[in-house]
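As the structure is a computational prediction, the values presented were derived from the model and not from experiment. Numbering of residues begins at 1 and proceeds along the displayed sequence.
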Amino acid sequence: MPFAVYRVAAFSVMLSITAFTLYYPERDRSEKLAGWNNIRAGLVLITVGLALSNLRFLVGGRWRLPYDIVRYFGMYLCGICMAGYGIRKLIPGISEYRSALESREATNETNKFSRHLLKLEENSMALASPGSMQDVLQRIVSKGTEITGAYLSVLLLFDPRSDIVDSGYYFGKGVQVFEKLAAALDINLKNIELLPEKMEFLRRIAKDRRLYAGLGPGEFLAILAGNRPMPTSPDLSAVEQIVLVPLHVDGRGDGLLCYLFAKNEYPEVLLELFGHQCSLALRNARLFEEMQKDTIALEVQRRRAENANHSKTEFLANMSHELRTPLNAIIGFSEILHTDVNGMPPETAQQFIGNINSSGRHLLDLVNDLLDLSRLEIGRLKLERTHFTLSDELMQAVKIVEPMAQEKSIDVVTDFQEPIDRIYADPQKLRQIVINLLSNAVKFSHAEGRITLKVWKKESSVYFCVEDFGMGIKSEDIDRLFKPFEQLAQNPYARKYRGVGLGLALTRRLVELHGGRVWAESQIGKGSKFFFTVPQ
């Protein structure tokens, strides 16, 4: 009885082995191996022989001997020989079969890599197309989600001078989840301040230039949260894998592409290739922005050059008029005196000589202004500061302007504060400033008007104000007053008193040389006020 049990057990084992070889799941591969079919046929014969051995008790008498012959020689012996023959043929073919499998896997990997390259090629033009930095960053996250199949793509941009991260660029199915998490953590995605150790962790990943997949959803939340309390129900159950891809621009780790995958599977090669492509896109976007800035700067320089050329043209036109007018007077009166000095009445000759003298002084003042302005431009005009009586210098300036004011019946009124009679400045340059402002006030005031010169001290500076009651200046033209060679063409007084526009420009430079500032206030029809300060 025990022997029968052994035979049944042996039959069961062989039946299982034979069934496995016959119904092997990958029998399409195994059938390609030489000798595999012989092995299966041999196992079938041996199994049938074991089955006949278990049924031997049914055969008796004269049929038992033929039954045993068939069982031993027809089944066992043939099965063993056929299986042995199959094994002999199978052993050399195993290495060929393994090579074929490896070749197939390599082909599959190559095809997969080719598909990745096709995806990257399709998106390369979209990433490389010119645009603003914001457009490029948004395209990076949207295309990254599209070609990798990620649940969410988030771009983490580093601030090189602080522990601030900009994660305001994201795209994918998990956008709403990400925004809800940001609201729960009470963070501004464009300006997340991370803990120093967390920031160092991210910078180290970016510096290594290798893909990092050792971050869990909880750790990702902890990085964003910092010292803030974690949300009670962080809804990242749909995320199984988080992958960080470094972004390098000009050899510097500028950020990370963070991919959240719903499955624990991700195309590693595709992520690395796309990361390199995004780095190039960022570099191109920065170069494009720099090129735009350079273009704008060149355009500004071009316009400044055009304005300077226009100002030079106006300056030459004004200078030609300013120089020709007194020179013509000098030449004309001197020729008259040269040809008819004996027959000319003494009063007329004296008048002509006075005209020649005033024209010459006008030319001298013009040349002096030009020289002073040029010396100021190149830094050669120096102040000779000293302590002096302010009222004396101011009264001298008023006396110089009074003849011009008397011709228009204009009163020049002074208002000085006694405690500031002593001042530390360059007396000649200060007098020149006041004369320029007073003479302008006289030129552009109505006849029989009034001009006031006020001086007072405030804190550590002395304030000066020249006020007239003329026609005034438009507010949009005030900024042009102190520029060289500028005159307000719409002002009828500017047309009457033509000049080169150097007086106020020279005044501003002299005031700034003292460390002060100059400005103007005016209303149309109510006059103007010109202020300047001299620090003490």
Side-chain angles (χ1 to χ4, degrees), residues 354 357-358 361-362 364-366 368-369 372 388-423 425-458 461-473 478 481-482 487-488 491-511 514 516-534:
N357 182 62
S358 61
R361 290 184 177 276
H362 177 68
L364 180 62
D365 292 339
L366 179 59
N368 286 335
D369 285 346
D372 287 344
F388 62 93
T389 303
L390 178 61
S391 58
D392 294 343
E393 294 295 332
L394 294 180
M395 292 310 299
Q396 290 185 22
V398 171
K399 289 179 180 179
I400 293 174
V401 177
E402 273 184 347
M404 184 191 304
Q406 289 174 359
E407 292 180 0
K408 299 177 66 175
S409 300
I410 295 175
D411 294 331
V412 180
V413 181
T414 59
D415 182 6
F416 305 154
Q417 290 185 2
E418 292 299 330
I420 57 165
D421 194 56
R422 300 290 293 178
I423 189 173
D426 187 325
Q428 182 183 358
K429 301 300 185 296
L430 185 61
R431 185 172 64 249
Q432 185 177 359
I433 293 170
V434 176
I435 290 173
N436 286 341
L437 294 178
L438 288 175
S439 60
N440 273 347
V442 172
K443 287 180 182 179
F444 302 115
S445 291
H446 300 298
E448 298 181 355
R450 187 177 81 246
I451 296 173
T452 304
L453 172 60
K454 297 180 180 179
V455 183
W456 69 96
K457 187 174 183 180
K458 184 179 179 181
S461 296
V462 178
Y463 284 72
F464 298 79
C465 174
V466 176
E467 181 181 8
D468 65 70
F469 300 91
M471 67 174 298
I473 306 168
I478 290 179
L481 289 174
F482 300 98
Q487 277 199 322
L488 307 183
N491 192 329
Y493 289 92
R495 291 193 293 268
K496 181 177 180 181
Y497 300 101
R498 285 186 61 87
V500 292
L502 294 178
L504 290 178
L506 182 59
T507 297
R508 180 173 69 87
R509 302 294 175 84
L510 291 174
V511 171
H514 278 86
R517 63 187 185 96
V518 61
W519 70 98
E521 298 176 359
S522 183
Q523 292 183 359
I524 294 294
K526 295 185 178 181
S528 305
K529 294 180 180 179
F530 285 83
F531 301 86
F532 72 94
T533 63
V534 177

Please answer whether the main-chain N or O of [Y] pairs with a side-chain N or O of [X] as donor and acceptor at a distance below 3.5 Å.
{"X": "Lys408", "Y": "Lys443", "result": "yes"}
{"X": "Lys529", "Y": "Cys465", "result": "no"}
{"X": "Thr533", "Y": "Arg517", "result": "yes"}

If you define the side chain from C-beta out and look only at heavy atoms, does anything of [X] sit under 4.5 Å from [Y]?
{"X": "Ile410", "Y": "Glu448", "result": "no"}
{"X": "Val398", "Y": "Thr414", "result": "yes"}
{"X": "Phe444", "Y": "Ile473", "result": "no"}
{"X": "Leu430", "Y": "Phe388", "result": "yes"}
{"X": "Phe469", "Y": "Arg450", "result": "yes"}
{"X": "Leu506", "Y": "Ile433", "result": "no"}
{"X": "Phe416", "Y": "Leu390", "result": "no"}
{"X": "Leu481", "Y": "Phe530", "result": "yes"}

What's the separation between atom [atom1] in [X] and atom [atom2] in [Y], rounded to the nearest 0.5 Å?
{"X": "Asp468", "Y": "Leu453", "atom1": "CG", "atom2": "CG", "value": "12.5 Å"}
{"X": "Glu467", "Y": "Lys526", "atom1": "CD", "atom2": "NZ", "value": "12.5 Å"}
{"X": "Thr507", "Y": "Lys429", "atom1": "OG1", "atom2": "NZ", "value": "13.0 Å"}
{"X": "Leu438", "Y": "Thr452", "atom1": "CG", "atom2": "OG1", "value": "10.0 Å"}

Indicate the ring-plane relationship of Trp456 and Tyr463, choosing parallel, tilted or perpendicular according to the 30° and 60° boundaries. parallel
May I ask you to decide if the ring planes of Phe464 and Phe532 are parallel, tilted or perpendicular, using 30° and 60° as cut-offs?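 Taking Phe532 first and then Phe464, their aromatic rings lie parallel (interplane angle under 30°).
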Run through Arg431, Gln432, His514 and flag the one making a side chain to side chain contact (heavy atoms under 4.5 Å, CB included) with Asp426. His514
Where do [X] and [Y] come nearest, in terms of heavy atoms and distance?
{"X": "Val434", "Y": "Ala397", "result": "CG1-CB, 3.9 Å"}
{"X": "Val412", "Y": "Ala405", "result": "CG2-CB, 4.0 Å"}
{"X": "Ser528", "Y": "Ser522", "result": "OG-OG, 2.8 Å"}
{"X": "Ile400", "Y": "Pro403", "result": "O-CD, 3.4 Å"}

For atom CD of Gln523, decide whether the heavy atoms of other residues, nucleotides or ligands shown that lie under 6.0 angstrom number more than 12.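 Not buried by this count: 12 neighbours or fewer within 6.0 Å.
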